[in-house]
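Scroll down for the structure; my scribbles are underneath it.
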Amino acid sequence: MANPSLAHALAHALTAAAHGFRVIPLTRAKLPAVRSPHHHDPAPLPCRGECGRLGHGVHDASADPRAIRALFAAAPWATGYGIACGYAPYHLIGIDLDLKDGRLGYPGKPGRPGRPQVAGAGGATGDRDGRPWRPDANRKDGMEDGENGKDGAEDGKSGLEHGTNGLAALARLAREHAFAIPHTVTVLTPSGGRHLWLSGPPGLTVPNSAGRLAPGIDVRGMGGYLVGPGSYGSHGGYRLAPGSPAWDPAPVPPALLRLLTPSRPAPPRSYRPGPPSHDPHPAALEGLVRFVRASREGQRNDRLFWAACRAYETGAGPELAPALIDAALDTGLPPHEARATVASAARSAARHLQPPEAWA
C-alpha cells in the first residue's frame, strides 16, 4: 500500500535542503529509514559511506535534491526526515527539551498529541497554544505566569513531581550562567517538548549528549540529527511553533556553548594500532561491561560509547567490543544501535589518540 506521508516528508526535506540543511529520510520511529547495507555482515567494520552504497544513517545526509530523492526512493516507508547537525553553513546545534509527566500529553498517556501542555495552577493542564517558549527572566522558578513552580528552582521539574521539564531546566541554566535564550527556530514535538535550533561556530565540534546538561535536555551536535518540521512519527507530527523563524537558527550564546563543549583531556602521546593488548587489569575491563549493563533508558548510548572509547584507548577494544554489545542488548538497546555506537567509539578513539597535528 502506498505511503501517503512519503511525498509530504520529501517535500519538506527538499525545502530544508533549499535553505542549506543536509537531510535524511526517517521512519515513524525517528530512525534512519534506509537500511544499512552491512546489516548481514557478521562483524561490520566502521563505514560512513566509503562503500558507495546508501544506508549509513546521518552520514548519508545531503542538501542535493537528486541525492535526497534517491534516499527517499530507497525508503518508501519514510514518514519524516532528519536534519544533520554540525555541517556548514549553520553548524547546527539542536537543544531537545523534553516535557514528560504521567498527567501530561506524551506518548502512551492521555493528552492532545502535538500540542504542548504544562501543569497549571491547581494541577490542571494549560495549553500554551503552541507559542514559542520564552522564559521570564524575572521568575525565580524559570516558569511563566500561570504555571505552578513548586520546587522548580531546585530540581528543574517545575511542578512535574515525577517527570521531566527541560524547558524549566534550560531557564535555570540561563540564570545560573548569565545567558539569554535566543529567539530561534523552534519545533514542537508530539510529546509536548521543543527542539531549539542554534547556529554554532565553524571549526568546533559539539558532542551529542543525553541529560548531561540537566535532566530533560538532550543535545544534538556533529553526528546527530533533529527531526524536521513536517515529519510524522508514531505519536504525531512535528511542526514549527507559531511565530518561530522558519530556517534561520540564532547564534548559540557563548556561555551556553561553553557548557556544550566540555574540555577534553589531553590525548596520549601517540596511537599505535595493533593487536589487542592483554590488559594487566582485566577487572577494569569487566567493570566497563558492568557499567554498560547498569545503564537505564536515556543513558544506554552514552554509557556504551564511553565504555567502548575507554576500551579502545587501552587497545582492548576489538577484544571487548562483543561483550560491551551484549551488555547493551541486555539493557534493551537495539542491536543495530549498539553496533553503530561501538563502531563510532572505535573511530573516535582512533582519531583522538593521534597527535594533535594529525587531527586536521
Side-chain angles (χ1 to χ4, degrees), residues 9-26 30-33 48-49 56-65 67-68 71 80-98 132-133 166-167 170 173-174 179-189 193-213 216-231 233 238-241 243-262 301-302 344 348:
L10 174 58
H12 280 83
L14 290 171
T15 299
H19 288 85
F21 296 96
R22 300 188 187 191
V23 301
I24 56 171
L26 298 180
K30 303 180 293 183
L31 297 174
R48 292 181 287 182
H56 297 85
V58 73
H59 302 295
D60 288 341
S62 176
D64 176 39
I68 294 168
L71 283 166
Y81 66 103
I83 296 182
C85 296
Y87 293 102
Y90 301 101
H91 307 283
L92 185 64
I93 302 168
I95 307 297
D96 182 353
L97 304 176
D98 287 335
W133 174 68
L167 285 66
L170 182 62
L173 286 175
F179 64 85
I181 300 172
H183 180 58
T184 190
V185 180
T186 303
V187 176
L188 305 181
T189 75
R194 296 169 190 236
H195 293 169
L196 306 185
W197 297 15
L198 298 171
S199 178
L204 182 65
T205 298
V206 172
N208 296 283
S209 64
R212 186 185 64 80
L213 285 186
I217 301 179
D218 296 344
V219 178
R220 301 290 175 260
M222 179 60 76
Y225 59 88
L226 292 167
V227 180
S231 296
Y238 291 74
R239 59 190 177 89
L240 283 174
S244 165
W247 302 105
D248 188 18
V252 59
L256 176 57
L257 183 62
R258 287 192 291 272
L259 296 175
L260 298 175
T261 52
N301 270 306
D302 283 352
S344 178
S348 179

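The figures here come from the full heavy-atom set of this structure, side chains too, leaving out hydrogens, waters and symmetry mates.
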Just to verify, what does [X] make a side-chain contact (heavy atoms from CB on, under 4.5 Å) with, not counting sequence neighbours?
X     : value
His12 : His8, Tyr81
Ala18 : none
Ala9  : Phe72
Leu14 : Leu10, Pro65, Ile68, Arg69

Review point. When rounded to the nearest 0.5 angstrom, what distance separates OG1 in Thr189 from CZ in Arg239?
Key: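 Taking OG1 in Thr189 and CZ in Arg239, the distance rounds to 10.0 Å.
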
Point to revise | Value rounded to 0.5 Å, distance of CZ in Arg194 from CG in Leu170 | key: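 Answer for the CZ-CG pair, Arg194 versus Leu170, is 11.5 Å.
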
Check your understanding: Taking only residues two or more places apart in sequence or in another chain, which ones pass side chain to side chain donor-acceptor pair (under 3.5 Å) with His91?
Key -> none

Check your understanding: By side chain to side chain donor-acceptor pair (under 3.5 Å), which residues pair with Asp302, not counting sequence neighbours?
Key -> none

Residue pair [X] / [Y], side-chain heavy-atom distance below 4.5 Å:
X      : Y      : result
Leu257 : Leu204 : yes
Leu260 : Ile95  : yes
Pro182 : Pro253 : yes

Check your understanding: Which residues satisfy the ring-ring contact (aromatic ring centres under 6.0 Å, His included) test with His59, sequence neighbours excluded?
Key -> none

Exercise for review: Indicate the ring-plane relationship of Trp197 and Phe21, choosing parallel, tilted or perpendicular according to the 30° and 60° boundaries.
Suggested key: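 Geometry flag for Phe21 against Trp197: perpendicular rings.
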
Exercise for review: Test Leu196 against every option in Ile93, Ile181, Val185, Asp96 by the side chain to side chain contact (heavy atoms under 4.5 Å, CB included) rule and name the one that passes.
Suggested key: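 So, applying the side chain to side chain contact (heavy atoms under 4.5 Å, CB included) to Leu196 and each of Ile93, Ile181, Val185, Asp96, only Ile181 qualifies.
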
Revision key, fill the gap. Per side chain to side chain contact (heavy atoms under 4.5 Å, CB included), Ser244 is matched among Leu188, Thr186, Val187 by Thr186

Nearest non-hydrogen partners of [X] and [Y], listed with the distance:
X      : Y      : value
Ala16  : Val23  : CB-CG1, 4.0 Å
Ser199 : Pro249 : CB-O, 3.8 Å
His19  : Tyr90  : O-OH, 2.8 Å

Exercise for review: Output, in order, the C-alpha distance, side-chain angles, deciding distance and verdict of side chain to side chain contact (heavy atoms under 4.5 Å, CB included) for Leu256 and Leu198.
Suggested key: CA-CA 11 Å; Leu256 176 57; Leu198 298 171; 3.8 Å; yes

Point to revise | Check: Ala250 main-chain N/O paired with Thr184 side-chain donor or acceptor under 3.5 Å | key: yes

Between side-chain atoms of residues 216-227 and protein atoms elsewhere (two or more places apart, or another chain), which donor-acceptor pairs fall under 3.5 Å?
{"unit_1": "Asp218", "atom_1": "OD1", "unit_2": "Gly211", "atom_2": "N", "d": "3.1"}
{"unit_1": "Tyr225", "atom_1": "OH", "unit_2": "Lys30", "atom_2": "O", "d": "2.7"}

